[in-house]
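Report on one structure; see the data block that follows.
Predicted, not measured: the structure shown is a model, and the values here were computed from it.
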Amino acid sequence: MQPAFTPDRIAGYADTMAAFTDEALDGWRDGEVRDVHAEAMELTLRIIAEAMFGIEMDRDVETVGESMEAVMAQSERVWQGFIPDAVPTPGRRRYREAVESLTRWCTASSASASATRATTS
């Protein structure tokens, strides 16, 4: 396994970020109202999937994005520290399901990337 943050890899990430950003912005038109948060999240997920796993994320971007939103929302809850972990709150259930969803996606993406590297080597 190669380290992810060598100078050469980082330079490649910059190229990936620029290409994906250009592609996203090509669809924008003057005067449009855009959900910048949603589009930035999608762009970030696509960049990470390509840079870290070498895969396109077209079909999974919505599922992974929703899971990331749930994980971040639960992580931001200040009151969480005041309720014992054993208390099953709706937010904790969504958080647990989101973490499980992200874990499944990361595991499948890693296996797919490994299989692709094995067949192209």
Side-chain angles (χ1 to χ4, degrees):
M1 179 177 283
Q2 296 180 355
F5 298 107
T6 63
D8 289 342
R9 299 281 303 263
I10 291 172
Y13 301 155
D15 293 341
T16 298
M17 287 185 264
F20 276 66
T21 301
D22 287 344
E23 180 182 315
L25 294 176
D26 282 344
W28 290 24
R29 301 291 174 252
D30 286 343
E32 285 183 319
V33 175
R34 308 296 293 210
D35 182 346
V36 176
H37 173 78
E39 293 196 31
M41 174 69 85
E42 181 176 330
L43 175 62
T44 301
L45 292 173
R46 289 179 188 280
I47 290 168
I48 290 171
E50 175 64 36
M52 296 291 137
F53 299 109
I55 61 171
E56 290 184 20
M57 191 176 201
D58 293 331
R59 64 184 169 88
D60 297 325
V61 73
E62 187 174 326
T63 300
V64 174
E66 289 172 1
S67 295
M68 288 297 299
E69 291 284 349
V71 168
M72 290 187 303
Q74 181 65 14
S75 298
E76 294 172 357
R77 297 214 189 335
V78 175
W79 55 265
Q80 181 179 353
F82 300 109
I83 299 175
D85 289 340
V87 176
T89 65
R92 287 187 177 152
R93 179 184 51 76
R94 285 189 302 274
Y95 173 78
R96 188 175 49 256
E97 289 170 356
V99 168
E100 290 170 359
S101 174
L102 290 171
T103 299
R104 284 191 304 273
W105 181 84
C106 287
T107 300
S109 296
S110 180
S112 175
S114 294
T116 299
R117 282 192 298 273
T119 59
T120 59
S121 299

Checklist outcome for this item: Sorted by chain and residue number, the side chain to side chain contact (heavy atoms under 4.5 Å, CB included) partners of Glu97 (sequence neighbours excluded) come out as Arg93
Item to check | Atom CD of Glu100 with >12 non-hydrogen neighbours under 6.0 angstrom | outcome: yes
Checklist entry - Of the non-hydrogen atoms in Arg92 and Val87, which two are nearest, and what is the gap between them? => result NH1-O, 3.0 Å
Next on the checklist: Using a 3.5 Å distance criterion without hydrogens, assess whether the side chain of Ser112 forms a donor-acceptor pair with backbone atoms of Ala108.
Outcome noted: no
Checklist entry - Is there side-chain contact between Asp60 and Trp105, with at least one heavy-atom pair below 4.5 Å? => result yes
Which pairs of donor and acceptor atoms, one on a side chain in residues 10-26, lie under 3.5 Å apart (sequence neighbours left out)?
from	atom 1	to	atom 2	distance (Å)
Tyr13	OH	Ala4	O	2.6
Thr16	OG1	Gly12	O	3.1
Thr21	OG1	Met17	O	2.7

Compile the donor-acceptor pairs under 3.5 Å between side chains in residues 45-55 and protein atoms, sequence neighbours left out, one pair per line.
from	atom 1	to	atom 2	distance (Å)
Arg46	NE	Glu42	OE2	3.0
Arg46	NH1	Asp58	OD1	2.3
Arg46	NH2	Glu42	OE2	2.8

Item to check | Value rounded to 0.5 Å, distance of CE in Met41 from CD in Glu66 | outcome: 10.5 Å
Checklist outcome for this item: In short, Ala98 meets Ser67 closest at the heavy-atom pair CB-O, 3.3 Å
